[in-house]
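All ligand and atom numbering here is 1-based and tracks the order in the structure.
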Amino acid sequence: MTNDTPAIRLAGLRKSFGAVEAVAGIDLEIADGEFFSMLGPSGSGKTTVLRLIAGFEQPTAGTVTLSGREVTRLAPFERDVNTVFQDYALFPHMSVLQNVEYGLKVRKVSRRERRERAAQALATVRLEGYGVRRPSELSGGQRQRVALARALVNRPRVLLLDEPLGALDLKLREQMQVELKQIQRDAGITFVFVTHDQEEALTMSDRVAVFDSGRIAQVGTPLDIYESPSTSFVAGFVGTSNLLSGSVARDLIGRSGTFSVRPEKIDISKEGHAGTVAEVIYAGPVTRFVVDLDAGARVVVVEQNRRTGSAAAALRGATVRLSWDEEHVIEISEAAGSAVGDVVENKVENKEDADAA
Ligand code: ATP
């Protein structure tokens with residue numbers, strides 16, 4: 001086996017539950033040592049793909065290959081992967097150390113080696129000295145780290161993480177994002193990370209797959225996904241997207257097609273397209289302006305709060321002009337994403353489209 005052999009290869013992967021096609025044909029390679037995220041709305045098939053990799057589900061069609069070895073029909077324990085779930089179910093009657101050692105005990109690893117490896121795993125997640133505590137004596141973030149140590153102690157080549165930070169509050173979540181990334185880099189393990197939080201996926205991952213209705217809409221680096229979304233679904237799901245199409249596109253962009261301009265790439269300036277500020281939303285470091293352009297599109301503009309919040313608020317109802325650089329206009333090749341407008345709460349529709357609907 002060489003380093004070029006992907007850690008995970010999925011080929012023609014499908015999974016149906018009765019009439020529901022949860023996974024509708026996925027081909028994907030994840031490199032050894034990669035931090036790979038699966039991002040998508042609820043019900044788009046992320047967890048099912050993870051369970052197919054782990055072996056908790058059998059595919060309806062297709063194959064799962066781990067480090068060059070096809071494992072499609074093998075049981076979970078026969079695969080060199082470990083899974084960390086959101087509800088990290090630690091054994092409450094055992095100490096932290098016993099929890100971490102448990103997997104090794106089951107596999108009849110000697111007591112001495114168990115102790116050594118468990119201590120090492122606890123050090124990796126920065127919980128030295130916590131071994132004697134019970135899970136109930138830990139904070140949520142510490143419990144999450146014990147769950148991680150319990151998986152790391154087995155030294156899997158691949159770690160599957162299903163929304164592992166979902167239960168944590170925002171501050172702790174951001175802290176754990178940094179720690180997880182560091183642990184992954186230090187341990188050199190391939191991480192497959194399921195999340196519906198786009199910011200989390202963008203900040204942590206080497207590459208991201210955006211899921212849409214059981215398929216991968218796009219796979220690429222965070223930069224690719226954000227700056228060059230291939231479909232309007234991706235543009236809308238990852239970040240806020242100002243979609244311009246139809247006559248609005250011809251008016252504002254000067255061409256036919258579907259285009260997107262990100263809110264932070266738009267300037268409120270002296271020149272440009274006229275519009276009226278419908279809403280001003282103060283959000284601490286930034287202010288969001290919702291602007292109805294005379295051309296018929298509603299767009300969101302984000303400005304850093306260099307000026308004071310009250311000055312921004314005074315713009316509500318004002319007539320403004322918006323401009324952007326041509327290089328920040330993203331042309332979207334495939335406009336008719338299957339779930340456009342469905343689950344994409346932060347997508348801004350063209351007024352024209354909304355009126356027509
Ligand atoms: P979430 O972010 O909400 O966890 P997800 O993207 O992980 O969503 P999945 O859990 O993979 O989505 O579910 C994909 C689809 O398959 C959904 O429509 C779901 O209802 C369905 N599904 C998943 N597991 C089963 C099952 N065991 N039986 C029947 N349907 C299922």
When you pair each N or O of ligand 1 with protein N or O atoms, which pairs come out under 3.5 Å?
| unit_1 | atom_1 | unit_2 | atom_2 | d |
| --- | --- | --- | --- | --- |
| ligand 1 | 2 (O) | K46 | NZ | 2.9 |
| ligand 1 | 3 (O) | S42 | OG | 2.6 |
| ligand 1 | 6 (O) | S44 | N | 3.0 |
| ligand 1 | 6 (O) | S44 | OG | 3.3 |
| ligand 1 | 6 (O) | G45 | N | 3.0 |
| ligand 1 | 6 (O) | K46 | N | 3.1 |
| ligand 1 | 6 (O) | K46 | NZ | 2.9 |
| ligand 1 | 7 (O) | T47 | N | 2.8 |
| ligand 1 | 7 (O) | T47 | OG1 | 2.7 |
| ligand 1 | 8 (O) | G43 | N | 2.8 |
| ligand 1 | 11 (O) | T48 | N | 2.9 |
| ligand 1 | 11 (O) | T48 | OG1 | 2.5 |
| ligand 1 | 12 (O) | G45 | N | 3.2 |

**Request:** Can you run down the salt bridge (charged side-chain N to carboxylate O under 4.0 Å, His left out) pairs that involve residues 265-275, sequence neighbours left out, and say none if there aren't any?
**Result:** E227-K265
**Asked** Got a sec, which pairs hit salt bridge (charged side-chain N to carboxylate O under 4.0 Å, His left out) with one end in residues 37-50, sequence neighbours left out?
**Response** none
**Item:** N/O donor-acceptor pair under 3.5 Å between S95 side chain and V132 backbone
**Value:** no
Under 3.5 Å, which donor-acceptor pairs link side chains of residues 119-126 to any protein atom two or more places apart or in another chain?
| unit_1 | atom_1 | unit_2 | atom_2 | d |
| --- | --- | --- | --- | --- |
| Q120 | OE1 | R155 | NH2 | 3.3 |
| T124 | OG1 | Q120 | O | 2.9 |
| R126 | NH1 | T124 | O | 3.2 |
| R126 | NH2 | Q182 | OE1 | 2.9 |

**Prompt:** Do the two ring centres, one from F193 and one from F35, sit under 6.0 Å apart?
**Reply:** yes
**Request:** Please check if the distance between the ring centroids of F91 and Y102 is under 6.0 Å.
**Result:** yes
